[in-house]
Amino acid sequence: MEILWLILLGILAALLFRRFVKPKYLKTLTQEEFIKGYRKAQLIDVREPREYDGGHILGARNIPMSQLKQRMNEVRTDQPVYLYCQSGARSQQAAQILKKKRGVEDLYQLKGGFKKWTGKIKKK
């Protein structure tokens with residue numbers, strides 16, 4: 001029984017580590033840094049369509065996390081990719097998928113996500 005608890009504790013620790021430790025290949029940018037670079041990059045909002053329609057960063061394309069694996073060939077590998085979601089968790093997940101499955105190297109995410117954004121937005 002002790003071994004089972006140790007295994008479960010190990011799995012939980014690994015999951016928490018993956019959730020909260022930012023991967024080295026993903027750079028987290030402040031809003032100011034994000035604004036400086038996203039116009040020369042692919043700006044992707046990985047939130048769901050209803051979230052995107054409620055307001056998004058001007059110029060962003062919506063590729064929801066739920067559709068990313070099916071639509072990842074829409075993301076170019078020769079240009080930087082700027083990702084954001086509501087808080088940062090989904091953009092980190094999206095970066096992992098794009099790195100692993102598509103080979104994207106130049107990945108950035110918005111610190112704090114859209115909820116912290118104070119720049120220009122567009123609503124549908």
Side-chain angles (χ1 to χ4, degrees):
M1 193 67 170
E2 278 183 39
I3 292 174
L4 183 62
W5 279 112
L6 287 173
I7 291 170
L8 288 173
L9 192 61
I11 291 170
L12 180 62
L15 289 173
L16 286 171
F17 182 80
R18 284 185 66 200
R19 174 86 165 104
F20 293 108
V21 175
K22 189 178 72 65
K24 287 178 175 52
Y25 57 81
L26 176 63
K27 296 165 203 86
T28 300
L29 304 176
T30 64
Q31 180 172 314
E32 293 74 31
E33 294 167 327
F34 201 82
I35 288 170
K36 282 181 188 172
Y38 82 78
R39 285 187 185 87
K40 298 177 191 124
Q42 302 167 85
L43 178 59
I44 301 173
D45 183 329
V46 297
R47 298 175 303 155
E48 292 304 309
R50 62 181 162 64
E51 295 172 284
Y52 178 84
D53 292 345
H56 58 272
I57 298 173
L58 200 60
R61 189 166 34 136
N62 187 219
I63 303 178
M65 253 318 285
S66 61
Q67 300 172 16
L68 185 62
K69 286 183 182 173
Q70 295 82 24
R71 296 179 58 190
M72 76 173 81
N73 60 348
E74 294 176 32
V75 180
R76 293 178 56 165
T77 57
D78 63 338
Q79 288 182 342
V81 178
Y82 278 54
L83 301 163
Y84 73 92
C85 62
Q86 196 62 26
S87 66
R90 286 178 282 179
S91 57
Q92 187 169 323
Q93 250 185 312
Q96 183 179 17
I97 290 168
L98 290 170
K99 169 81 173 153
K100 215 180 248 184
K101 306 251 188 235
R102 185 92 172 112
V104 178
E105 295 291 330
D106 221 357
L107 293 160
Y108 304 87
Q109 74 172 352
L110 176 62
K111 182 179 183 178
F114 187 72
K115 71 179 178 185
K116 301 277 187 185
W117 182 257
T118 58
K120 292 182 182 176
I121 64 166
K122 181 177 180 179
K123 290 186 179 186
K124 281 199 173 185

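Every heavy atom of this structure was used, including side-chain atoms; hydrogens, water molecules and symmetry mates were not. For reference, positions follow the sequence shown, starting with 1.
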With side chain to side chain contact (heavy atoms under 4.5 Å, CB included) as the criterion, how do R102 and I97 come out once you've worked through the C-alpha distance, each side chain's angles and the decisive distance to 0.1 Å?
CA-CA 7 Å; R102 185 92 172 112; I97 290 168; over 6 Å; no

Are there more than 12 heavy atoms of other residues, nucleotides or ligands under 6.0 Å from atom CD1 of I3?
no

Identify, with sequence neighbours excluded, every residue that meets side chain to side chain contact (heavy atoms under 4.5 Å, CB included) alongside K36.
none

In this structure, NZ of K69 is separated from CD1 of I63 (nearest 0.5 Å) by 15.0 Å

Transitively linked via ILVMFWY side-chain contacts under 4.5 Å: Y108 with Y84?
yes

I'd like to check I57 versus D45 (side-chain heavy atoms, cut-off strictly below 4.5 Å). Are they in contact?
no

Which residues pass the side chain to side chain contact (heavy atoms under 4.5 Å, CB included) test with K122, not counting sequence neighbours?
H56, L58

Just verifying a value: how many Å separate K27 NZ and F34 CZ, rounded to the nearest 0.5 Å?
13.0 Å

Is the shortest side-chain heavy-atom distance between S91 and L110 below 4.5 Å?
no

Which atom of P49 lies closest to which atom of P64, heavy atoms considered:
CD-CG, 3.8 Å

Mind checking the CZ-CG spacing from R47 to D53? Nearest 0.5 Å is all I need.
9.5 Å

Can you hop from V46 to V75 via hydrophobic side chains spaced under 4.5 Å?
yes

Report yes if the side chains of C85 and Q92 come closer than 4.5 Å at any heavy-atom pair, otherwise no.
no

To the nearest 0.5 Å, what is the distance between CD on E74 and CZ on R61?
6.0 Å

Are any side-chain N or O atoms of Q42 and backbone N or O atoms of R76, one a donor and one an acceptor, separated by less than 3.5 Å?
yes

Once you round to the nearest 0.5 Å, how far does CD of E48 lie from CD of Q86?
12.0 Å

Among L98, V81, L107, find the residue that satisfies the side chain to side chain contact (heavy atoms under 4.5 Å, CB included) test when tested with L26.
L107

So, for L29 and E33, which heavy atoms are closest and what is the spacing to 0.1 Å?
CA-OE1, 3.3 Å

So OH of Y38 and CD1 of I44: to nearest 0.5 Å the spacing works out to 14.0 Å

Please lay out, stage by stage, how I35 and W117 fare under the test side chain to side chain contact (heavy atoms under 4.5 Å, CB included).
CA-CA 10 Å; I35 288 170; W117 182 257; 3.5 Å; yes

Hey, are the side chains of Y25 and Q96 touching, using non-hydrogen atoms and a 4.5 Å cut-off?
yes

With a 3.5 Å distance limit and no angle check, can you tell me whether Q93 reaches the backbone of M65 through a side-chain donor-acceptor pair?
no

Under the side chain to side chain contact (heavy atoms under 4.5 Å, CB included) rule, collect the residues that match up with K111, sequence neighbours excluded.
T28

